[in-house]
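What follows is a short report on a single structure.
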Amino acid sequence: MTKADLIEEVSRVVEMTRKEAEVIVEAIFDSIVRSLRGGDKIEIRGFGSFRTRQRQPRVGRNPRSGEQVVIPEKLVPHFKPGKALREAVDAQVPVASSDASGNTPPSA
């Protein structure tokens, strides 16, 4: 699913214009980024948590020349799924609602 797909889904489910849904999705993403930049942890119960982790400096290799390159330390975002999300994914049960016949549409 892409960001555009997510915007379309929000627009459809909440019955609002695509532009309004885009503002909502962008606001959520911007809030997450701002919080992570500020060093905060974001916890969404039943979904998971976001935090930053410090990646240590290391020595890598330039694949073209084989030359060693020092890669500096940096902060990277980390997502830890919550128990409900892990169980929902592991169950492999389609989340989509069923049609009138009671059948769920096949996943792509």
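All heavy atoms count here, side chains included; hydrogens, waters and symmetry mates do not.
Heavy-atom contacts from other residues, nucleotides or ligands closer than 6.0 Å to CZ of Arg55 number 12 or fewer. Remark: Gln54 CD is packed, more than 12 non-hydrogen atoms of other residues, nucleotides or ligands lying under 6.0 Å away.
Of all the heavy atoms in Gly46 and Ala84, the pair that sits closest is O-CB, 3.4 Å. Arg86 and Pro81 get closest at one heavy-atom pair: NH1-O, 2.9 Å. Considering every non-hydrogen atom in both Val10 and Val25, the closest pair reads CG2-CG2, 4.1 Å. In this structure, Arg61 and Gly66 approach most closely via the heavy-atom pair NH1-O, 2.9 Å. Between Thr52 and Leu36 the shortest heavy-atom distance is CG2-O, 3.7 Å.
In this structure, Val14 is a member of the same hydrophobic cluster as Met1, with clusters built from ILVMFWY side-chain heavy atoms closer than 4.5 Å. Ile28 and Val33 fall into different hydrophobic clusters, where Ile, Leu, Val, Met, Phe, Trp and Tyr residues are linked whenever their side-chain heavy atoms come under 4.5 Å apart, directly or through other members. In the hydrophobic clustering of ILVMFWY residues, with side-chain heavy atoms under 4.5 Å counting as a link, Leu85 and Ile44 come out together. Residues Leu75 and Ile71 fall into different hydrophobic clusters, defined by Ile, Leu, Val, Met, Phe, Trp and Tyr side chains chained together at heavy-atom separations under 4.5 Å. Placement of Val76 and Val59 in two distinct hydrophobic clusters is found when ILVMFWY residues are connected by side-chain heavy-atom separations under 4.5 Å, directly or transitively.
Put simply, the side chain of Ser35 gets close to the backbone of Ser31: a donor and an acceptor are under 3.5 Å apart. Without hydrogens or angle criteria, Asp30 side chain to Ala27 main chain gives no donor-acceptor distance under 3.5 Å.
Side-chain contact check for Glu26 versus Lys3: some heavy-atom pair is nearer than 4.5 Å. Proximity of Met16 to Ile24: side-chain heavy atoms (C-beta onward) are separated by under 4.5 Å at one or more points.
Separating the NZ atom in Lys80 from the CZ atom in Arg53 is a distance of 8.5 Å, to the nearest 0.5 Å.
In this structure, Glu8 does not pair ionically with Arg12, as no charged nitrogen and carboxylate oxygen lie closer than 4.0 Å.
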